[in-house]
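For reference, the structure discussed in these notes is given below.
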Amino acid sequence: MPVKQQDKAMPNEQPFIDVRHAQKQFGELEVLKDISLQVQKGQIVAIIGPSGSGKSTLLRAINDLDPLTSGEVWLEDKQVNKKLPHRQYEKHINKVRQDIGMVFQHFNLFPHLTVRQNITLAPKMLKDIPDAEANKLAEEQLARVGLSDRIDFYPSQLSGGQKQRVAIARALAMKPKVMLFDEATSALDPELVEEVNLAMKALAAEHMTMLIVTHEMGFAESVCDRVLFMDEGVVVEEGPPGVIFKNPKSDRTRNFLRKHLGG
Amino acid sequence: MDFDLILRVYPFFLKAALVTIELAVLSISLGLACGALGAYARLSRTAVLRFIGATYVSVIRGTPALIQLFILYFGGPQVGIQLDAFSAGVIGLGINIGAYMTETMRGAIISVDKGQMEASRTLGMSRWQTMRKVILPQAARLMIRPLGVNINAQIKGTALVAAISVVELTYTAQRYIGSTYKPFEMFFLAGIIYMVIIYGAGVGVSWLDRRARIN
Amino acid sequence: MAPEWVFPGSTGGRGSIERFQYKHGGAEMGLDFSVVPEYFDQLLLGSFWTIAVMLVSAVISFFGGIILAVIALYAPAIIRYPFRAFSFVFMGTPLLLQLFLIYFGLIQIGIDLPAFVAGVIGLGLHFAVYNSDIIQAGILAVDKGQYEGARTLGLSKGQTIRKIIVPQAVRTVTPPIGNNMVALLKDSALVSVIGVTELTLSSQLAISNTFRPFEFYVAAAACYYVINLGLEFGLRRIELRIQAAR
């Protein structure tokens with residue numbers, strides 16, 4: 001279904017992220033049904049919907065973590081899920097993933113490494129950055145999320161909100177072009193959610209391209225340029241937050257929002 | 001209980017204990033190497049390697065260690081492998097315990113949270129880089145205790161080489177039972193020494209385990 | 001030339017390990033598996049005795065394990081501690097050593113048992129100790145609340161254990177005990193050293209005629225492997241039965 005873009009003051013016509021006819025099959029179940037989506041550079045897109053709607057699957061298809069059954073994913077001028085023989089595919093996808101940052105619901109920090117090491121591991125290993133520079137990089141990213149004083153702590157010594165912020169810093173250290181958030185605050189105690197939201201808002205203010213799968217309607221409304229409502233593998237409706245949240249066109253959207261609003 | 005006898009013969013038992021310890025250390029080292037190789041094979045992307053690994057584990061774990069020793073020591077010459085009893089013991093026991101260690105190591109690697117692999121891959125690291133820096137360090141910590149169980153079993157397993165006439169602890173005990181007709185005393189002596197060795201190994205493993213957890 | 005082989009049950013009297021160790025005098029060079037079929041029935045009989053040893057030992061180790069576990073958990077301290085010490089010793093020493101102790105030890109105190117009997121007692125005892133460990137853990141793993149709930153209803157200690165705790169423990173305990181049964185099968189090869197003509201010793205007798213250790217030990221290994229497969233199959237079915245009985 002062709003989708004209307006929101007131009008974000010970018011004269012560039014080529015979409016930054018281009019998902020073409022994404023389809024994902026899990027055995028009998030069709031989780032994604034022919035979804036096409038285009039995101040411009042600097043846009044902040046929220047993806048909402050009930051569990052099982054396919055929103056996480058769609059997000060994870062963008063960096064090919066859950067490969068699509070059919071369809072293409074493009075980042076700028078490169079096809080992310082290019083079909084290549086195994087060795088070449090590995091090289092290709094590892095390179096592409098450096099440009100796509102991802103933050104997980106359960107943080108997935110490396111427990112055996114300090115915060116500093118968590119953040120510097122990939123840059124040192126993949127970009128051959130010398131130690132001193134890597135440390136500086138780690139300090140910068142941590143400052144961005146407000147956790148400079150925890151740099152030599154272990155993940156087990158941090159609260160949930162802190163862990164997630166470290167996860168964000170870790171992803172940012174690779175200087176990605178786009179950030180994907182897979183229900184970043186869903187596993188957090190309510191009082192810890194705000195600090196993560198703040199970090200994400202700061203990123204948004206810096207014009208990072210972001211795709212955010214979330215249950216937090218309030219957050220989506222205040223931060224995002226576009227909202228996609230997904231249900232049963234299709235994008236039911238999409239538009240600016242003002243429209244979607246205040247005046248949705250579809251009944252399904254209306255029903256979903258009625259059940260969920262309060263937050 | 002004839003303590004006089006025990007006091008008279010214990011030096012021989014201690015000498016034999018050294019052989020037992022040697023056997024244990026060497027075969028456990030070999031076992032760890034085989035275990036690592038086996039785990040690598042079983043977790044490989046190549047189907048052939050996976051098959052070889054699974055076959056190795058299945059055959060070795062499905063047949064008695066004693067038979068494996070006999071095949072190697074008595075049957076070896078037929079296919080050109082001439083080993084002295086001690087070497088045959090080390091190699092046979094090592095290959096044997098390696099199959100069990102393969103499963104221990106594989107289990108530990110698999111039990112590392114799936115999210116770890118996902119996060120690393122998302123950052124752009126390759127499968128092997130992830131293994132080296134993220135999965136294996138965590139798996140190593142998880143393996144120490146179960147490997148300790150394997151090691152414990154292996155120390156007792158060295159007794160099998162008595163059947164191919166290696167003069168270790170059990171062989172010595174049996175020798176003296178035969179000549180002194182005092183099985184309880186000889187069992188007592190050998191038993192205590194085994195338990196001390198096992199206890200010592202256990203302490204070592206616990207220490208390693210604690211050190212690994214400090215991080 | 002039909003080899004003479006010893007009926008399991010002969011004692012062989014006292015002696016050092018060499019007396020029972022099969023003397024492998026020189027081997028032929030190269031491999032020739034065609035000699036094996038001649039000795040099929042001998043290997044088959046050996047397998048039969050291996051299975052017999054295994055089954056009898058398994059029964060002993062199973063019930064022995066239960067008895068030892070109950071003693072270790074519920075008996076008064078005077079009895080508990082010696083049994084715990086005994087278990088500790090049996091878990092800390094090699095099976096082969098224990099077999100020697102039982103076989104020759106019994107002779108020393110005047111009981112001259114056939115090798116088969118000594119063998120199954122040794123195996124049974126050894127694995128009874130390991131099983132008891134597992135059973136104790138299984139019983140302790142049953143939630144304390146279960147015990148309390150039963151007692152408050154008026155059930156006695158014994159009734160609670162029998163009707164409430166044990167059935168639940170059985171479910172936890174079945175897989176590890178199954179593993180011990182597999183180990184038992186493989187360790188049964190050790191009783192060949194004290195003269196039981198099970199599979200290992202039978203192959204040695206065949207080797208004494210043909211001087212082909214490789215072929216026959218491999219054949220024996222194959223037999224063990226097959227028996228093992230059967231055992232694992234049986235165990236899995238038992239496990240399924242137990243899991244299903246909810």
Side-chain angles (χ1 to χ4, degrees), chain B residues 20 58-81 96 152-153 155-165 168-179 181-188 190-199 202, chain C residues 14-19 21-22 24 26-32 88-98 100-109 182-183 185-190 192-193 199-200 203-204 207 212-218 220-229 232:
Chain B
T20 293
S58 176
V59 168
I60 299 287
R61 296 205 313 175
T63 53
L66 188 66
I67 297 279
Q68 291 163 20
L69 273 181
F70 285 170
I71 293 179
L72 188 59
Y73 183 59
F74 295 121
Q78 284 175 266
V79 293
I81 302 176
N96 181 270
N152 185 306
I155 294 173
K156 289 178 277 181
T158 59
L160 287 181
V161 302
I164 55 178
S165 300
E168 44 75 69
L169 206 41
T170 299
Y171 182 89
T172 306
Q174 177 50 8
R175 257 249 124 111
Y176 279 94
I177 291 179
S179 57
Y181 301 128
K182 293 206 181 273
F184 289 98
E185 284 82 346
M186 298 301 103
F187 174 83
F188 175 79
I192 294 219
I193 299 179
Y194 270 114
M195 288 194 279
V196 166
I197 297 177
I198 289 178
Y199 179 75
Chain C
R14 302 163 174 189
S16 76
I17 189 173
E18 274 101 2
R19 202 191 150 120
Q21 224 184 10
Y22 174 65
H24 294 73
E28 297 275 344
M29 271 311 158
L31 300 180
D32 178 18
F88 184 72
V89 167
F90 259 69
M91 285 208 282
T93 50
L95 174 59
L96 193 56
L97 190 64
Q98 292 163 16
F100 288 146
L101 171 69
I102 289 175
Y103 186 66
F104 295 104
L106 288 172
I107 291 178
Q108 197 198 26
I109 60 177
V182 171
L185 170 64
K186 289 180 285 179
D187 282 342
S188 72
L190 289 177
S192 65
V193 175
L199 189 47
T200 306
S203 11
Q204 290 173 335
I207 292 171
R212 293 196 166 277
F214 191 91
E215 289 85 336
F216 281 98
Y217 283 133
V218 168
C223 291
Y224 276 110
Y225 191 79
V226 168
I227 299 175
N228 193 20
L229 285 177
E232 288 189 342

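Nothing here was measured: the structure is a model prediction, and the numbers come from that model. Naming: A, B, ... by sequence-line order, numbering from 1 per chain.
When each of L97(C), L31(C), T93(C) is checked for heavy-atom pairs under 4.5 Å with chain B, L97(C) comes out on top. Ranked by heavy-atom pairs under 4.5 Å with chain C, the first of M186(B), K156(B), K182(B) is K156(B). Considering only heavy-atom pairs separated by less than 4.5 Å from chain C, the leading option among A65(B), G75(B), P64(B) is P64(B).
Looking at I71(B), both its backbone and its side chain come within 4.5 Å of chain C, counting heavy atoms on both sides. E232(C) does not touch chain B: none of its heavy atoms, backbone or side chain, sits under 4.5 Å away. Heavy-atom distances place no part of F216(C) under 4.5 Å from chain B, backbone and side chain included. Residue contact with chain B, scored on non-hydrogen atoms closer than 4.5 Å, involves the backbone and the side chain of L190(C) alike. Contacts between T158(B) and chain C at a heavy-atom distance below 4.5 Å are absent for every atom of the residue.
A donor-acceptor distance shorter than 3.5 angstrom exists from the side chain of K186(C) to the backbone of R61(B), with no hydrogens or angles considered. In this structure a side-chain-to-backbone donor-acceptor pair under 3.5 Å is missing from Q204(C) to I207(C).
Remark: I164(B) CD1 to L72(B) CG distance equals 8.0 Å, nearest 0.5 Å. To the nearest 0.5 Å, the span separating CG on N228(C) from OG1 on T63(B) amounts to 8.5 Å. Atom CD1 of I177(B) and atom CZ of F184(B) lie 9.5 Å apart (nearest 0.5 Å).
The two residues T20(B) and L169(B) come nearest to each other via the heavy atoms OG1-N, 3.1 Å.
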